[in-house]
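What follows is a single structure, written as structure tokens, with notes after it.
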Amino acid sequence: MIHILDTGPLVAAFRRPEDKDPFTPWAARLIRSLPYPLFTCDAVLTEAAHFLRSPGKLLEAVERGLLVSRFDTQAASPRLRELIKKYADRPMDFADACLVCMSEQTKDCRIVTIDRADFTVYRRHGREAIPLVLPD
């Protein structure tokens with residue numbers, strides 16, 4: 001089983017406790033308990049670096065092999081366009097499309113997210129619910 005990280009849990013896990021993010025305790029505990037490496041995509045890393053105001057800690061985790069980003073946007077672009085068009089009413093952002101596509105490429109995976117509203121609606125391979133790890 002691999003775990004694919006969305007922006008929310010990644011940001012929460014890397015925030016300082018004094019930042020008072022309500023998801024920080026959950027994300028920090030969860031991420032410490034999951035088997036490494038954890039997977040994500042460059043779109044999520046970009047969003048997370050923006051919210052954290054610095055990519056330093058994220059890049060350190062990538063260098064140490066704790067976070068892996070190997071998603072090929074070029075190869076996946078036709079599927080990404082399909083997903084974004086299908087979920088235009090939400091609207092689906094680029095990072096979410098990449099994560100759904102990653103879940104389609106890896107059968108035995110779960111997406112770790114705080115975005116219950118979107119990810120419980122998204123489907124992989126058209127009709128299959130995406131296995132998720134969500135906060136209580």
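Worth knowing before you read on, the calculation uses all heavy atoms, side chains too, and leaves out hydrogens, waters and symmetry mates.
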Nearest 0.5 angstrom please: [X] [atom1] to [Y] [atom2], how far?
X	Y	atom1	atom2	value
I114	L134	CD1	CG	9.5 Å
I130	M102	CD1	CE	12.0 Å
C101	F71	SG	CZ	4.0 Å
S69	L38	OG	CG	12.5 Å
D72	Q105	CG	CD	8.5 Å
I84	F94	CD1	CZ	7.0 Å

Practice item. I would like to know whether L83 and M92 meet side chain to side chain contact (heavy atoms under 4.5 Å, CB included); could you show each step before the answer? Key: CA-CA 8 Å; L83 287 166; M92 177 184 259; 3.7 Å; yes
Practice item. Mind checking salt bridge (Lys or Arg N to Asp or Glu O under 4.0 Å) for R81 and listing every partner two or more places apart, or none if nothing turns up? Key: none
Ignoring hydrogens and geometry, is there a side-chain-to-backbone donor-acceptor pair from [X] to [Y] under 3.5 Å?
X	Y	answer
E128	R123	no
T106	S103	no
T7	E47	no

Review point. Does L59 belong to the same Ile/Leu/Val/Met/Phe/Trp/Tyr cluster as V68, with side-chain heavy atoms less than 4.5 Å apart forming each link?
Key: no
Review point. Can E82 and R79 be counted as an ion pair, charged N to O under 4.0 angstrom?
Key: yes
If you take all heavy atoms of [X] and [Y], which pair is closest and at what distance?
X	Y	value
L10	A48	CD2-CB, 4.0 Å
W26	P135	CZ2-N, 3.4 Å
K86	G126	NZ-O, 3.1 Å
F119	V100	CE2-CG2, 4.1 Å
A13	I31	CB-CD1, 3.4 Å

Exercise for review: Test side chain to side chain contact (heavy atoms under 4.5 Å, CB included) on D108 and I2 and set out the steps.
Suggested key: CA-CA 7 Å; D108 194 22; I2 72 162; over 6 Å; no
Is the shortest side-chain heavy-atom distance between [X] and [Y] below 4.5 Å?
X	Y	result
R90	Y122	yes
D115	D6	yes
V112	I4	no
L99	C41	yes
R124	P131	yes
H3	P35	yes

Check your understanding: Taking it one step at a time, do I111 and L5 satisfy side chain to side chain contact (heavy atoms under 4.5 Å, CB included)?
Key -> CA-CA 6 Å; I111 293 180; L5 296 182; over 6 Å; no
Exercise for review: Could you list all the salt bridge (Lys or Arg N to Asp or Glu O under 4.0 Å) pairs where at least one residue sits in residues 48-70, not counting sequence neighbours?
Suggested key: none
Practice item. Go through D118 and Y87 one step at a time and tell me if the side chain to side chain contact (heavy atoms under 4.5 Å, CB included) criterion holds. Key: CA-CA 10 Å; D118 287 333; Y87 295 105; over 6 Å; no
Exercise for review: Can you establish whether the number of heavy atoms outside F51 located under 6.0 Å from its atom CZ is more than 12?
Suggested key: no
